[in-house]
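Every chain is numbered from 1, with letters handed out A, B, ... down the list of sequences.
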Amino acid sequence: MLFDYMAIAVFVFFSTAIAVTAILLGGLFGPRRKSEVKSEPYESGMIPIGPGTRRMPVRFYLVAVLFILFDIEVVFFLPWAVSFRKLGLFGLIEMFIFIGILLVGYFYAWKKGALEWE
Amino acid sequence: MIDLALVLEWVIKSLVVIFMLLGGFAYLTWFERRILARMQTRVGPNRAGWQGLLQPVADAVKLVFKEELIPARADKVIFVLAPILTVVPATVLAVVIPFGTQVILFGRQVNLAVADINVGILFLMAVASVAVYGIVLAGWSSNNKFALMGGMRSTAQMISYELALGLSFVLVALMADSLQLSEIVEAQRTMWFVVLQPVGAIVFLIVTLAEVNRAPFDMPEAEQELAAGFHSEYSGMKFALFFMAEYQKMIVISIIAVTLFFGGYLGPFIGRFPWLGPVYVLGKVVALLFGMVWIRATLPRIRYDRLMDLGWKVLLPLVLGLVLITATGILLADEFGNSLVWSIPVVSILAGFLTVGLVDRSLRRKFNALR
């Protein structure tokens, strides 16, 4: 069974090799004529104002935090889904309770405005 | 035991799948441009070779000979690493897909899958999440505010839709009673899962469009506002790698959709001629890809707040409901006879219509409040 993961390792090795080769090929054949204007950040011809990395709205971080919460719960679903037929009615009721708790948090986040993007 | 023949088999199978994806990527660009052109009453690329068939080769040669710029003040290591980090997961997703059953080749029993691991779905979820890193790092390392915005938008979009994606994987795992992709396909011998769970299949297709940043969810690449988003500083082969990642992901995610909902390699006479498996997969994938191009030609890009609303407020609760409906339906069928399995599609479609109705009502309310 674990042999399968070695096949995956072989696959990852070859796909990485191809990506690296592509970049090396580009570096090998591409011309290199540096100039000050060329290495400026590209903003459709405008002269860039201010630093390139600046503060982002906090909503992105809110989305990330909510994602971590809900994604872990999605991962909890998978083992249940596989053993669901053995657990029967008990497993189903358990899952209803679990989703109920999940939904409380979900609606709390919704009402708090964590999902709003004005 | 590990012998040389087994290692050789892995190498050959890996290379075949990788080069199949590379060729698929090259000709998908041609396919998309031709189809889009026809839908806009143009002709499309038809000069290089017969019907423009050599166009991808010409594009590749051109990109190899382009200058590769690294902007000043960019984080050079991450800047070079980001395209690799984007393209590798897009390719590696294909490793667990079964393209057919077993065939006899050179006197060996050969599985038509590189690695048919027993937690295939979990593997898909994990690798699909890794793809986000490449995009956010590309946006961050470019030292360009538009690239950063594109990267952030793209990340927020992909992680939001990953929830609904993961839950539609759960739907399939429930119906197939397994996480192994070959067993999932075998479970569809009597009936494709798209029949059993049509709403789940539609949600999956919508979510995959958002996951691969395709129209109408191509916010990160909104040309008019972000100048190509996270890859606007990339040129030459590094740009080609981002392009490759996007198109390979389109292909792979269509293969996944085919495997999970449309019967994978199954089709008429598959029992007698196992070589037909890859052919059926190819046919179904081309149909799905045509659908993706069609959607790009038809629908305008949706607004970013609506995009996030669709992911968090519509699709996530809908799929949660579908999970419960499917579980209840399976339990009912197990307890009170097999015909009750049809309660799943019926109730699911009702839930789908209910969702569409609620969205419609809330949009109408917003519209009336504006007037």
Taking side chain as everything from C-beta outward and backbone as N, CA, C, O, which of these in F107(A) sits under 4.5 Å from a heavy atom of chain B? Side chain, backbone, both or neither.
neither
Answer yes or no: are there more than 12 heavy-atom neighbours, outside W80(A) itself, under 6.0 Å from its atom CH2?
yes
Measuring heavy-atom distances to chain A, does M125(B) have an atom under 4.5 Å in its side chain, in its backbone, in both, or in neither?
side chain
Strictly less than 4.5 Å between heavy atoms, which residues of residues 81-90 of chain A line up against chain B? Please order them by number.
A81(A), V82(A), F84(A), R85(A), G88(A), L89(A)
Contacts of A333(B) meeting side chain to side chain contact (heavy atoms under 4.5 Å, CB included) (sequence neighbours excluded), chain-then-number -> N338(B), V341(B)
Which answer fits L163(B), side chain, backbone, both or neither, if we ask what part of it has an atom under 4.5 Å from a heavy atom of chain A?
both
Contact leader toward chain B among L25(A), V75(A), L78(A), where contacts are heavy-atom pairs under 4.5 Å
L78(A)
Between L28(A) and chain B, with a heavy-atom cut-off of 4.5 Å, which part of the residue counts as in contact: side chain, backbone, both or neither?
neither
Contact part of V87(B) toward chain A, heavy-atom cut-off under 4.5 Å: side chain, backbone, both or neither?
side chain
Under a 4.5 Å heavy-atom cut-off, does chain A meet the side chain of K313(B), its backbone, both or neither?
both
CG on L174(B) to CZ on F77(A), rounded to 0.5 Å:
9.5 Å
Any idea which heavy atoms bring S15(A) and V92(B) closest together, and the distance?
OG-CG2, 3.7 Å
Toward chain A, the part of D334(B) with a non-hydrogen atom under 4.5 Å
side chain
Any idea which of I121(B), T155(B), T91(B) has the most non-hydrogen atom pairs under 4.5 angstrom with chain A?
T91(B)
Determine whether a donor-acceptor pair (N or O, by modelled atom type, separation under 3.5 Å) exists between the side chain of Y106(A) and the backbone of W312(B).
yes
Is L316(B) in contact with chain A via its backbone, its side chain, both, or neither, using a 4.5 Å heavy-atom distance?
side chain
So, the part of V80(B) with a heavy atom under 4.5 Å from chain A: the answer is both
State, to 0.1 Å, how close A7(A) and S14(B) come at their nearest heavy-atom pair, and which atoms those are.
O-OG, 4.2 Å
Kindly check if the number of other-residue, nucleotide or ligand heavy atoms within 6.0 Å of CZ (F98(A)) is above 12?
yes
As an exercise: rank I84(B), I159(B), V64(B), V170(B) by heavy-atom pairs under 4.5 Å with chain A and give me the winner.
I159(B)
Check each atom of L63(B) against the heavy atoms of chain A and say whether the ones under 4.5 Å are side chain, backbone, both or neither.
neither
Whatever's closer than 4.5 Å to a heavy atom in chain B on F13(A) counts as neither
In Å, rounded to the nearest 0.5 Å, how long is the span from CG of L320(B) to CD1 of I99(A)?
5.0 Å
Among L66(A), V20(A), I68(A), residue most engaged with chain B (heavy-atom pairs, under 4.5 Å):
L66(A)
Out of curiosity, L22(B) CG to I18(A) CD1, how far, rounded to the nearest 0.5 Å?
5.0 Å
Work out which heavy atom in A156(B) is nearest to a heavy atom in V63(A); give both atom names and the distance.
O-CG1, 4.1 Å
Part of F19(B) lying under 4.5 Å from any heavy atom of chain A
side chain
Can you tell me how far CH2 of W10(B) sits from CZ of F14(A), rounded to the nearest 0.5 angstrom?
12.0 Å
Any idea which heavy atoms bring I23(A) and P83(B) closest together, and the distance?
CD1-CG, 4.3 Å
So which residue, L167(B), L324(B), T328(B), ends up with the most heavy-atom pairs under 4.5 Å with chain A?
L324(B)
Proximity breakdown for L15(B) and chain A, heavy-atom pairs closer than 4.5 Å:
side chain
Side chain, backbone, both or neither: which part of I8(A) has a non-hydrogen atom closer than 4.5 Å to chain B?
both
Who wins among M152(B), K238(B), E162(B), M244(B) for the most heavy-atom pairs under 4.5 Å with chain A?
M152(B)
Which word best sums up how the rings of Y304(B) and F60(A) line up, parallel for under 30°, tilted for 30 to 60°, or perpendicular for over 60°?
tilted
Quick one: of S160(B), P317(B), S178(B), G311(B), who has the most non-hydrogen atom pairs under 4.5 Å with chain A?
P317(B)
